[in-house]
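Below, read A as the first sequence line, B as the second, and so on, with proteins coming before strands; counting in each chain starts at 1.
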Protein chains: 2
Amino acid sequence: MDIRKFVLTTVLSVHIVMRSEERYLKDYDASRFASPIVTVDNVLFSLDNNELSVLLVKRANHPYQGAWGLPGGFIDMTLDESTRDTALRKLVEKTGVIPPWLEQLETFSGKYRDPRGWSLTTAWFALIARTDCQPHIESVSDAKWLPTHQLTQQTLAFDHGEIITHALNRLRQKTRYSLLPVYCLAEEFTLTQLQEATEIILGQAIQRKSLIRRFEASGMFEDTGKSKATGARKARLYRRKEGVDIHLFSRNLLNDTAG
Amino acid sequence: MDIRKFVLTTVLSVHIVMRSEERYLKDYDASRFASPIVTVDNVLFSLDNNELSVLLVKRANHPYQGAWGLPGGFIDMTLDESTRDTALRKLVEKTGVIPPWLEQLETFSGKYRDPRGWSLTTAWFALIARTDCQPHIESVSDAKWLPTHQLTQQTLAFDHGEIITHALNRLRQKTRYSLLPVYCLAEEFTLTQLQEATEIILGQAIQRKSLIRRFEASGMFEDTGKSKATGARKARLYRRKEGVDIHLFSRNLLNDTAG
DNA sequence: GCAATAGTGTCTTTAAGACACTATCAT
DNA sequence: ATGATAGTGTCTTAAAGACACTATTGC
């Protein structure tokens with residue numbers, strides 16, 4: 001083959017490919033294709049009064065107007081760079097603060113989960129200390145904390161009950177191989193508070209000694225030097241170390257129970 | 001309050017709510033709101049020749065026309081009841097068979113991951129025995145298996161490289177606390193095949209004894225009564241028990257390595 | 001019998017479970 | 001000093017790691 005002809009052909013075809021992709025993108029109209037209703041929802045957990053609760057909001061609009069559901073909504077394509085941003089935006093809207101733990105839970109989709117039609121929601125799972133957002137929640141009437149053991153009595157919008165169940169399973173599983181419950185505590189906390197948080201989430205007592213061993217091994221915390229009077233011996237106050245990732249243990253707590 | 005008036009008011013307001021919701025749903029036009037481009041993608045892994053590979057397809061259309069990417073595409077709202085159906089439909093299209101393992105991985109979204117605009121893809125993670133789909137893959141020219149250790153050399157469409165990395169992490173983690181690699185094996189398999197699959201995925205040798213203990217404890221398998229000649233002593237052939245869920249162990253293998 | 005692969009026995013190690021023990025505080 | 005809560009010491013237990021051992025096959 002003539003090398004000049006080969007080069008010419010190559011240059012031309014590259015040019016054609018680029019022109020054609022350019023034109024394609026310029027002419028692309030996202031609204032041409034039927035697409036599902038896309039939303040983002042948050043399952044925000046918090047602890048108070050020896051109970052694990054989930055944040056619900058009263059729906060202002062159809063469908064399920066007036067019903068309680070998860071705080072969430074549509075993606076704002078100008079504001080949000082990803083669904084994480086959408087989740088955060090909605091959480092800040094409702095609680096006034098950024099939760100210290102936020103991870104993607106799962107995406108729920110289907111033809112029938114929304115009466116308006118085929119829909120998809122990316123659910124996020126978040127934890128916060130109750131004290132950090134209580135003033136904000138108390139100031140509105142469209143948001144409330146539902147204790148998770150009352151979930152069966154409360155009818156929720158869409159499949160939000162099912163989504164909360166998934167989030168609860170995730171929280172319980174992760175609590176067995178990490179110290180995730182610290183994200184439900186105030187910035188400074190005692191070991192007893194961490195133990196109580198863990199026990200409320202797991203629904204059963206754990207060995208304090210096991211918790212302390214993990215606490216030390218995790219490398220996630222530092223002593224504040226302060227301590228807190230609880231009526232008897234003062235308890236040391238700890239805080240999370242800056243910029244340290246969550247530690248995952250290689251074994252689960254409570255090996256006996258379930259799988 | 002007059003009880004008759006109360007009942008009347010209640011009945012009326014319920015009626016009004018229903019009428020208003022009916023009208024709302026009737027008038028609802030899903031295309032009114034700007035919504036992201038929504039797709040579903042699959043990360044299908046398979047083992048062959050002592051290598052872990054991922055299935056790629058050559059893109060027939062813009063954007064990234066001609067580039068390799070994950071097998072996936074748009075939701076067909078008439079065919080698919082959920083994104084799981086979309087994932088399965090695309091997998092069957094490309095491989096000719098239903099993979100024995102399919103779970104949701106994560107949803108990737110963002111303003112910039114697709115040149116056409118704000119997009120969201122729900123990624124699924126699947127495993128299959130190479131022999132079960134090899135004839136179909138070989139019959140087409142737009143699909144290939146990419147060994148995962150060659151991932152760095154291959155440029156992929158969109159953020160598909162990143163998605164594969166997430167899937168790989170999930171596969172490796174789960175291999176440490178379950179016998180997930182069996183889903184990469186043929187229906188009948190030997191313990192040595194399971195061990196080799198596990199070692200390829202983890203990238204290091206494991207204790208055969210530990211594997212056998214887990215194999216028995218899992219309750220997931222049954223002896224076929226058959227055995228397979230391998231050049232030396234014959235190895236027993238096992239199969240997965242019908243209708244038995246995957247067993248999750250309470251400890252990880254390879255505690256030393258990483259977290 | 002020998003080499004090779006399959007499969008077992010059993011000791012060590014790791015980290016959790018159990019629980020008795022000591023320490024520190026308010027009163 | 002006492003009682004209550006904080007925190008430690010240490011033995012037991014469960015399951016993985018290590019590795020030597022026996023079993024079965026083809027040649």
*Would you please confirm or rule out a distance under 4.0 Å between OP1 or OP2 of C:dA18 and any side-chain N or O of A:Gln207?*
yes

Where do N or O atoms of nucleotides 20-23 of chain D meet protein N or O atoms at under 3.5 Å, pair by pair?
from	atom 1	to	atom 2	distance (Å)
D:dA23	N3	B:Arg233	NH1	2.7

*Regarding A:Arg251 and the six-membered ring of A:Tyr177, is the cationic atom NZ or CZ under 6.0 Å from the ring centre and inside 45° of its axis?*
no

_Please list, in numerical order, the residues of residues 211-229 of chain B that have a heavy atom closer than 4.0 Å to any atom of DNA chain C._
B:Ile212, B:Arg213

*Given DNA chain C, 5'-ward residue of the pair A:Gly231 and B:Lys234, judged by closest heavy atom*: B:Lys234

*asked:* Please determine whether the number of non-hydrogen atoms from other residues, nucleotides or ligands lying under 6.0 Å from atom CD of A:Glu187 exceeds 12.
replied: no

*Near A:Asp223 CG, under 6.0 Å, is it more than 12 heavy atoms from other residues, nucleotides or ligands?*
yes

*Are the aromatic rings of B:His166 and B:Phe125 close, with centres under 6.0 Å apart?*
no

*Among the candidates D:dG17, C:dG17, D:dC19, find the nucleotide nearest to the side-chain atoms of B:Leu254.*
D:dG17

*Between B:Thr230 and B:Arg251, name the one whose nearest nucleotide on DNA chain C is closer to the 5' end.*
B:Thr230

*Just say parallel, tilted or perpendicular for the rings of A:Tyr183 and A:Trp101, cut-offs at 30° and 60°.*
tilted

*Is the CG atom of A:Leu151 crowded by more than 12 outside heavy atoms at less than 6.0 Å?*
yes

*Using salt bridge (charged side-chain N to carboxylate O under 4.0 Å, His left out) as the criterion, list what pairs up with B:Lys226, not counting sequence neighbours.*
B:Glu188

*Can you list every pair that meets ring pair (Phe, Tyr, Trp, His ring centres under 6.0 Å) and has a residue in residues 129-152 of chain A, with sequence neighbours left out?*
none

*Taking only residues two or more places apart in sequence or in another chain, which ones pass side-chain hydrogen bond (donor to acceptor under 3.5 Å, both in side chains) with A:Gln154?*
A:Lys144

*What are the residues of residues 178-190 of chain A, sorted by number, that bring a heavy atom to within less than 4.0 Å of DNA chain C?*
none

*Please work out if A:Thr192 contacts a base, only the sugar-phosphate, or nothing of the nucleic acid, heavy-atom cut-off 4.0 Å.*
sugar-phosphate

*asked:* Which nucleotide wins on minimum distance to the side chain of B:Phe249, given the candidates C:dT10, D:dA16, D:dG17?
replied: D:dA16

